[in-house]
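Have a look at the structure below, then the notes.
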Amino acid sequence: GAWSNPCRSKLKPAGAADPYYDPYKIRWCAYQFVEHRIAMEPCYGWGDLTTEDQRLWKPLKCDALLGFDCEAGTLREDHLMETLEKAEIPPEHMLLVDDWLVQHASLYGLAERGHGLEDAVQMGAVH
């Protein structure tokens, strides 16, 4: 689905540094990541992110906003989850991101983990 993107209409590249836009940037980066996460590997591959959106991703520094350190090839998982919560990503999508983290753990140097959904069921988060 199409996410409304205030960045696209309001952000001139010079405005990318304006703190006023931070909540919009965070939300846009977070929603792009969640929507395109199946094939997308930040720092490594765009997956099915459109060329137009790729041109926004870099100046907005989405990788860093989401906790990816491309030089080190690492991800701060707590930072990613906090950012997605700030962007008000719905809980069902957070579970999908958890599954993505399980699949991509080795790529970003994360500790190996069990399957996200099963963990949530055991913890009583999913009924």
Side-chain angles (χ1 to χ4, degrees):
W3 305 102
S4 68
N5 177 12
C7 295
R8 191 171 282 144
S9 53
K10 292 179 184 165
L11 258 192
K12 315 225 172 351
D18 186 338
Y20 168 80
Y21 291 109
D22 285 354
Y24 296 113
K25 289 188 281 191
I26 288 168
R27 198 173 168 92
W28 187 83
C29 294
Y31 273 89
Q32 292 305 316
F33 171 68
V34 170
E35 188 176 3
H36 296 285
R37 75 189 183 287
I38 303 293
M40 187 181 194
E41 294 174 337
C43 304
Y44 297 103
W46 293 113
D48 57 2
L49 193 68
T50 65
T51 309
E52 185 186 359
D53 287 339
Q54 289 174 29
R55 285 194 201 107
L56 267 178
W57 183 275
K58 279 203 159 66
L60 293 181
K61 301 186 169 65
C62 287
D63 292 319
L65 273 177
L66 294 171
F68 293 93
D69 180 336
C70 291
E71 277 184 34
T74 57
L75 165 63
R76 283 172 44 219
E77 187 182 338
D78 55 342
H79 183 95
L80 174 65
M81 295 319 242
E82 281 167 25
T83 304
L84 297 181
E85 281 170 25
K86 268 189 219 161
E88 297 173 354
I89 299 293
E92 62 274 18
H93 288 133
M94 294 293 270
L95 281 175
L96 297 173
V97 170
D98 213 48
D99 286 344
W100 183 92
L101 286 166
V102 170
Q103 290 159 11
H104 292 83
S106 57
L107 184 62
Y108 296 102
L110 301 173
E112 294 297 325
R113 304 178 0 186
H115 191 268
L117 197 54
E118 287 167 14
D119 293 348
V121 170
Q122 284 163 4
M123 286 162 36
V126 178
H127 303 287

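For the numbers below, each heavy atom of this structure counts, side chains included, while hydrogens, waters and symmetry mates do not. A quick note: this is a predicted structure, and the numbers were derived from the prediction, not measured.
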Name every donor-acceptor pair, under 3.5 Å, that has one atom in a side chain of residues 58-71 and the other anywhere in the protein, sequence neighbours excluded.
from	atom 1	to	atom 2	distance (Å)
Asp63	OD1	Trp57	NE1	3.0
Asp63	OD2	Trp57	NE1	3.4
Asp69	OD1	Glu71	N	3.1
Asp69	OD1	Ala72	N	3.0

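In this structure a side-chain-to-backbone donor-acceptor pair under 3.5 Å is present from Gln54 to Leu49.
Val34 and Met40 fall within the same hydrophobic cluster, where Ile, Leu, Val, Met, Phe, Trp and Tyr residues are linked whenever their side-chain heavy atoms come under 4.5 Å apart, directly or through other members. Follow the hydrophobic side-chain contacts under 4.5 Å out from Trp28 and you reach Ile89 in the same cluster.
With values rounded to the nearest 0.5 angstrom, Asp22 atom CG is found 9.0 Å from Lys86 atom NZ. Remark: Thr83 OG1 to Arg27 CZ distance equals 13.5 Å, nearest 0.5 Å. Rounding to the nearest 0.5 Å gives a distance of 6.0 Å between NE2 of His36 and CG of Asp53. Atom NZ of Lys25 sits about 12.5 Å away from atom OH of Tyr20, to the nearest 0.5 Å. Separation of atoms OH (Tyr108) and OH (Tyr44) is listed at 6.5 Å; rounding is to 0.5 Å.
When side chains are defined from C-beta on, Glu77 does not count as touching Leu80, because their heavy atoms never get closer than 4.5 Å. Between Asp48 and Ile38 there is no side-chain heavy-atom pair separated by less than 4.5 Å. Taking 4.5 Å as the limit, some side-chain heavy atom of Met94 sits within range of a side-chain heavy atom of Glu85. Residues Leu110 and His104 fail the side-chain proximity criterion, which asks for heavy atoms closer than 4.5 Å.
Nearest heavy atoms, Pro23 versus Pro19: CD-O, 4.0 Å.
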message: Test side-chain contact (heavy atoms from CB on, under 4.5 Å) on Asp98 and Met81; report intermediate values, then the result.
response: CA-CA 9 Å; Asp98 213 48; Met81 295 319 242; 3.9 Å; yes

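Under the side chain to side chain contact (heavy atoms under 4.5 Å, CB included) rule, His93 has a single partner from Leu95, Val97, Leu96, which is Leu96.
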